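Right, one structure below, let's go through it.
It should be emphasised that the depicted structure is a prediction, and the values quoted were computed from it without experimental measurement.
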Amino acid sequence: MASRKTSHQNRVNGDKYSVLLPTYNERENLPLIVWLLVKYFGESGFNYEIIVIDDGSPDGTSDVAEQLQKIYGEDKILLRPRAKKLGLGTAYIHGMKHATGNFIFIMDADLSHHPKFIPEFIEKQKEGDYDLVSGTRYQGNGGVYGWDLRRKLIRSASFHCHQCPLTYLAVTLISAGERQMFDLICFLLSLCLIHSRGANFLTQVLLRPGASDLTGSFRLYKKKVLESLVERCVSKGYVFQMEMIIRARQLNYTVGEVPISFVDRVYGESKLGGNEIVSFVKGLLTLFATT
């Protein structure tokens, strides 16, 4: 009964949800995430499409995507591949060009984000007519499961205690244009973060983002809002998601949150390595100094 009611409401308001799935070497995960998306969208009755943006995966992800399109139909699975890895931000831009929905979901294709939360995102958005709704691991019954040291290090970067003098030194150096010294401090800070036990403190104090989870990538946007934010963001890599929230605050967009459970990937290898960690710290501190 609830599903039929939801479906009726959807037909009345005409909303459509485009899911952007950037992929790289997700051959094993893609069939599962697509099946789950079809299941939960189907049960809730919302109109949707899934846009797969594969960046030239050498493991045959694009071949799997083509098979999924045959199974679920070209109206539900859109394939918009690119020749090589060009970055997350450009993947979103590429996907938005082909999206026909007035709302856009962004999420990981590696099963870290469970589609079962999608109805909650939609309900939350309608509840407050929010410009964007972000999944949070750090409020309510949200949580993180299966993280290794590298993931914990990235979390510590956005959670780092404000008392660390290296943080303020790095911000001062980047402001003064001392690039080489800034790079050294970022490297030292990334080592220090292994022992950090703060709770999103540095980011909250310096940027006051108005959201509890800045680095998460499970979000629902009004399409026009996402287009506006992507145009303004300059960060690359893992700090990109953080800047999206910061820019949203600057533009006075409203942000809702839904507690989610984040589970580390089961299949495939994480794209997060040592270089990405140092780059994340650099991008984080540059954002601190320039916003």
Side-chain angles (χ1 to χ4, degrees), residues 6-7 9-24 26 29-55 61-62 64-66 68-82 86-126 129-135 216-231 233 240-241 244 248 253 255-256 258 260:
T6 301
S7 179
Q9 291 174 339
N10 180 63
R11 289 194 298 269
V12 171
N13 60 37
D15 289 332
K16 183 176 182 179
Y17 297 86
S18 299
V19 181
L20 304 187
L21 282 183
T23 60
Y24 186 76
E26 299 292 356
N29 292 316
L30 190 59
L32 294 173
I33 191 67
V34 168
W35 182 82
L36 288 168
L37 283 167
V38 171
K39 169 183 168 61
Y40 285 100
F41 270 114
E43 290 178 354
S44 61
F46 292 109
N47 191 13
Y48 72 96
E49 63 184 3
I50 302 168
I51 303 176
V52 181
I53 307 128
D54 185 63
D55 276 2
T61 298
S62 60
V64 172
E66 290 176 3
L68 292 171
Q69 187 180 58
K70 293 178 181 178
I71 294 172
Y72 297 108
E74 295 183 2
D75 60 326
K76 294 302 181 185
I77 310 296
L78 284 70
L79 308 183
R80 299 296 182 264
R82 304 190 295 178
L86 298 172
L88 191 60
T90 59
Y92 291 151
I93 294 173
H94 184 69
M96 282 190 296
K97 290 179 180 178
H98 304 282
T100 60
N102 55 323
F103 286 93
I104 293 182
F105 272 101
I106 63 170
M107 61 189 303
D108 293 344
D110 62 3
L111 301 175
S112 296
H113 302 140
H114 201 297
K116 69 180 180 181
F117 295 108
I118 280 178
E120 296 181 34
F121 275 75
I122 295 174
E123 181 181 354
K124 185 67 176 182
Q125 191 282 321
K126 294 184 180 302
D129 191 28
Y130 291 106
D131 294 308
L132 71 96
V133 176
S134 180
S217 53
F218 192 0
R219 294 174 184 168
L220 169 62
Y221 291 87
K222 292 180 178 178
K223 183 178 181 181
K224 292 182 178 179
V225 170
L226 181 57
E227 290 172 337
S228 174
L229 292 174
V230 169
E231 287 177 357
C233 284
F240 174 81
Q241 300 291 0
M244 293 282 280
Y253 289 134
V255 181
V258 170
I260 63 168

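D15 places none of its side-chain heavy atoms less than 4.5 Å from the side chain of I122. Annotation: side chain of L36 is not in contact with side chain of K116 (no heavy-atom distance under 4.5 Å). For the pair I106/Q241, a side-chain contact is recorded, criterion being any heavy-atom separation below 4.5 Å from C-beta on.
By the side chain to side chain donor-acceptor pair (under 3.5 Å) test, T100 is found to be paired with K16, E49, residues two or more places apart in sequence or in another chain being considered. Shown here are the salt bridge (charged side-chain N to carboxylate O under 4.0 Å, His left out) partners of R82, two or more places apart in sequence or in another chain: D55. For K124, the salt bridge (charged side-chain N to carboxylate O under 4.0 Å, His left out) test picks out E127, with sequence neighbours left out. For K39, the salt bridge (charged side-chain N to carboxylate O under 4.0 Å, His left out) partners at least two apart in sequence or on another chain are E43. Listed by chain and number, the residues in a salt bridge (charged side-chain N to carboxylate O under 4.0 Å, His left out) with D75 amount to none (sequence neighbours excluded). Listed by chain and residue number, D108 satisfy the side chain to side chain donor-acceptor pair (under 3.5 Å) test with S217 (two or more places apart in sequence, or in another chain).
For the pairing with I77, the side chain to side chain contact (heavy atoms under 4.5 Å, CB included) check across I51, L37, I50 returns one residue only, I50. No option in Y40, Y72, Y17, F41 other than F41 meets the ring pair (Phe, Tyr, Trp, His ring centres under 6.0 Å) test with Y48.
Here the shortest heavy-atom pairing between G256 and Y130 reads N-CD2, 3.5 Å. Closest approach of S134 to F121, counting heavy atoms only: C-CE2, 4.0 Å. Summarising the geometry of N47 relative to K76, their closest heavy-atom pair is OD1-NZ, 3.5 Å, with the distance given to 0.1 Å. Here the closest non-hydrogen pair linking M107 and P115 is CE-CG, 4.1 Å. Of all heavy-atom pairs between F240 and G89, the closest is CZ-CA, 3.7 Å. Scanning all heavy atoms of the two residues, the minimum distance from G14 to N102 falls at O-OD1, 4.3 Å.
Between atom CG of residue L88 and atom OG1 of residue T90 there is a gap of 8.0 Å, rounded to the nearest 0.5 Å. Annotation: the span from M96 atom CE to I53 atom CD1 amounts to 9.5 Å, rounded to 0.5 Å. One distance of note links OG1 of T23 with CD1 of I33; it measures 12.0 Å at 0.5 Å rounding. Once rounded to the nearest 0.5 Å, the distance linking CG of L78 with CG of L21 reads 11.5 Å. Atom-to-atom distance recorded for L79:CG and E66:CD is 6.5 Å, nearest 0.5 angstrom.
Salt-bridge annotation for D129 and K222: present, with a side-chain N of the basic residue lying under 4.0 Å from a carboxylate O of the acidic one.
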* Carefully, step by step, assess V258 and L220 under the rule side-chain contact (heavy atoms from CB on, under 4.5 Å). => CA-CA 10 Å; V258 170; L220 169 62; over 6 Å; no
* Audit row: D110, E26, side-chain contact (heavy atoms from CB on, under 4.5 Å) steps and yes/no -> CA-CA 7 Å; D110 62 3; E26 299 292 356; 3.7 Å; yes
* To do: Could you give me the CA-CA distance, side-chain angles and deciding distance for I93 and E231, then say whether side-chain contact (heavy atoms from CB on, under 4.5 Å) is met?
  => CA-CA 9 Å; I93 294 173; E231 287 177 357; over 6 Å; no
* To do: Apply side-chain contact (heavy atoms from CB on, under 4.5 Å) to R219 and I104, showing your working.
  => CA-CA 8 Å; R219 294 174 184 168; I104 293 182; over 6 Å; no
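Checked by atom type and distance alone, the side chain of T61 never pairs as donor or acceptor with a backbone atom of Y24 at under 3.5 Å. Looking at K223, its side chain never comes within 3.5 Å of a backbone N or O of S18 through a donor-acceptor pair. No donor-acceptor distance shorter than 3.5 angstrom exists from the side chain of R80 to the backbone of K97, with no hydrogens or angles considered.
Ring geometry for F105 versus F218: interplanar angle of 30 to 60°, hence tilted.
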